Amino acid sequence: MSLSGCGNSVDPIERLGRKATQTGGPSASPSAKASAAASAQAGTPGDEAYRKWGLTAPLQYAPKPAQKPQLPKPAGPGKPVVVDRIPVAPNDKVVFLTFDDGAEKDPEFLRMAADLKLPISMFLTDNVASSDYGYFEKLRDNGSNSTVNNHTLTHPNMRTLSFAAQKNEICGQQERLQKRFGKRPVLFRPPFGNYNDDTLKAASECGINTVVLWRASMQINDFQYAEGSALKPGDIVLAHFRGPSELKGATEIHMVTKMLQHIQEQGYQVGRLEDYL
């Protein structure tokens, strides 16, 4: 099964869910103290790591907030929260990196993520990631506090499935991830961003407390935005574990370098999503 359409097979506004409550505002340059705290939290990349991976300046990392933002309320009793943007202050220029599926397992990306200490929230699909879950274990354990989360067993359009089938997709992957990684995830991303009330109910019954969507998706060279033409504070960024066959000959390293360059050019820090949820 091809998963090449995970991030762009449906209308971006439809698949990104509710409109965000916060909009962009004036930029605020991170202080040296905040940058130092963030580096200490995530692990400090080597002085030349950014040059090695095609960046012209070190990445800036957002420190763990003293208080977590107030998230949207759940859609109803017994349902998880759905987020596509973290409601940070308008001048808090932080975005969050999420990677889906697990089809590509590029050893060079392991080195890049470790060198740069990228805090990545991984949403893994069993039928493509399980051929080498050890790869994602290395990514999780590289010192960046990256995490493994649920993206179903087989990557279906959840809206087309019965409640029982949706629950099997989510709970089945919960069980496999717990068995392999020692922890049952609390974050879930529905394939294609497609979900309905049955998805939310099933997710909650499987132990999920937050359904994570996105506001910007990385293509090969640039972002696709849900609205406007630039990142906004608190944006959750979607990328994929993808190789040349699905990137028109480009590598995952090329894609991620471009992504990080655009984040830097727009004056943003990289935060760890789980610190804000």
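All of these numbers come straight from a predicted model, not from anything done at the bench.
- Using a 4.0 Å cut-off between a side-chain N of Lys or Arg and a carboxylate O of Asp or Glu, Glu48 and Lys52 do not qualify as a salt bridge.
- Put simply, the side chain of Leu139 reaches to within 4.5 Å of the side chain of Met122, judged on heavy atoms.
- Judged by distance alone, with hydrogens and angles left aside, the side-chain atoms of Thr125 form no donor-acceptor pair with the main-chain N or O of Val128 at under 3.5 Å.
- For Asp126, the salt bridge (Lys or Arg N to Asp or Glu O under 4.0 Å) partners are Arg176, not counting sequence neighbours.
- Residues satisfying the side-chain contact (heavy atoms from CB on, under 4.5 Å) test with Arg111, not counting sequence neighbours, are Trp53, Pro107, Glu108.
- Hydrophobic clustering keeps Leu200 apart from Leu153 (ILVMFWY residues linked when any side-chain heavy atoms are closer than 4.5 Å, directly or through intermediates).
- To the nearest 0.5 Å, atoms CG (Leu118) and CG (Leu97) are separated by 6.5 Å.
- With sequence neighbours excluded, the residues that form a side-chain contact (heavy atoms from CB on, under 4.5 Å) with Thr160 are Asn157.
- A heavy-atom distance below 4.5 Å is not found between the side chains of Asn145 and Pro119.
- The OG atom of Ser121 sits 7.0 Å away from atom CZ of Arg272, with the distance rounded to the nearest 0.5 Å.
- Atoms CZ and CG, from Phe188 and Leu213 in turn, are 9.5 Å apart once rounded to the nearest 0.5 Å.
- Looking only at side-chain heavy atoms (C-beta outward), Lys258 and Ile220 stay at 4.5 Å or farther from each other.
- Centroid-to-centroid, the aromatic rings of Phe192 and His155 come within less than 6.0 Å.
- Inter-residue side-chain proximity for Val148 and Leu124 is flagged as met; some heavy-atom pair is nearer than 4.5 Å.
- If you check the side chains of Asn150 and Gln174, you find a donor sitting under 3.5 Å from an acceptor.
- Salt bridge present: Asp100 and Arg189 bring a charged side-chain N and a carboxylate O closer than 4.0 Å.
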Requested in this report: In sequence, state the C-alpha distance, the side-chain angles, and the governing distance for Leu116 and Tyr61, and then conclude on side chain to side chain contact (heavy atoms under 4.5 Å, CB included).
Outcome: CA-CA 10 Å; Leu116 295 175; Tyr61 297 91; 4.0 Å; yes
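- Side-chain atoms of Ser131 and Lys105 form a donor-acceptor pair, as typed in the model, at a separation below 3.5 Å.
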Requested in this report: List the steps, then state whether side chain to side chain contact (heavy atoms under 4.5 Å, CB included) holds for Tyr50 with Leu59.
Outcome: CA-CA 7 Å; Tyr50 68 95; Leu59 278 173; over 6 Å; no
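- Under the 4.5 Å side-chain criterion, counting only non-hydrogen atoms from C-beta, Phe241 is not in contact with Asp101.
- In terms of heavy atoms, Tyr195 sits closest to Arg159 at O-NE, 3.4 Å.
- Partners of Pro69 under the side-chain contact (heavy atoms from CB on, under 4.5 Å) rule, at least two apart in sequence or in another chain, are Ile86, Pro87, Val88, Tyr276.
- The two residues Leu161 and Ala165 make their nearest non-hydrogen contact at CB-CB, 3.9 Å.
- Side-chain contact between Ile236 and Leu273 is present, with at least one heavy-atom pair separated by less than 4.5 Å.
- Of the possible polar contacts, one joining the Gln264 side chain to the Pro58 backbone as a donor-acceptor pair under 3.5 Å is found.
- Taking CG of Asp235 as the reference point, atom CH2 of Trp214 lies at 13.0 Å (rounded to 0.5 Å).
- No side-chain heavy atom of Leu277 sits less than 4.5 Å from a side-chain heavy atom of Val81.
- Looking at Thr98, its side chain does come within 3.5 Å of a backbone N or O of Val237 through a donor-acceptor pair.
- The two residues Ser146 and Ile120 make their nearest non-hydrogen contact at OG-N, 2.9 Å.
- In this pair, Phe136 and Tyr133 present their aromatic rings perpendicular. The plane angle is above 60°, beyond the 30 to 60° band.
- Sorted by first and then second residue, the ring-ring contact (aromatic ring centres under 6.0 Å, His included) pairs involving residues 108-128 (not counting sequence neighbours) are Phe99-Phe109.
- The minimum heavy-atom distance linking Gln219 with Met255 is given by the pair O-CG, 3.2 Å.
- Counting only residues at least two apart or on different chains, the side-chain hydrogen bond (donor to acceptor under 3.5 Å, both in side chains) pairs with a member in residues 163-172 are Thr154-Glu169, Gln166-Asn196, Gln166-Thr199, Lys167-Glu205.
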Report task. Show your reasoning for whether side chain to side chain contact (heavy atoms under 4.5 Å, CB included) applies to Asp222 and His262. Result -> CA-CA 8 Å; Asp222 211 341; His262 290 313; 3.6 Å; yes
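- With rounding to the nearest 0.5 Å, the separation of CG in Asp106 from CD in Glu252 is 5.5 Å.
- Using a 4.0 Å cut-off between a side-chain N of Lys or Arg and a carboxylate O of Asp or Glu, Lys79 and Asp197 qualify as a salt bridge.
- Electrostatic pairing of Lys68 and Glu274 does not count as a salt bridge here, judged by no charged N lying under 4.0 Å from a carboxylate O.
- Figure legend: Lys201 and Phe163 shown as a cation-pi pair, the cationic atom lying under 6.0 angstrom from the six-membered ring centre and within 45 degrees of its axis.
- Ala62 approaches Gly271 most closely through the heavy-atom pair CB-CA, 4.0 Å.
- A heavy-atom distance below 4.5 Å is not found between the side chains of Ser217 and Tyr225.
- The CG atom of Asp115 lies 9.0 Å from the CE atom of Met112; values are rounded to the nearest 0.5 Å.
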Report task. May I have the step-by-step check of salt bridge (charged side-chain N to carboxylate O under 4.0 Å, His left out) for Glu227 and Arg85, ending in yes or no? Result -> CA-CA 12 Å; Glu227 57 183 345; Arg85 175 182 288 146; 3.4 Å; yes
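- Across every non-hydrogen atom of Pro190 and Met158, the tightest pair is CB-CG, 4.4 Å.
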Report task. Check step by step if side chain to side chain contact (heavy atoms under 4.5 Å, CB included) holds for Arg51 and Thr56. Result -> CA-CA 6 Å; Arg51 297 184 190 277; Thr56 59; over 6 Å; no
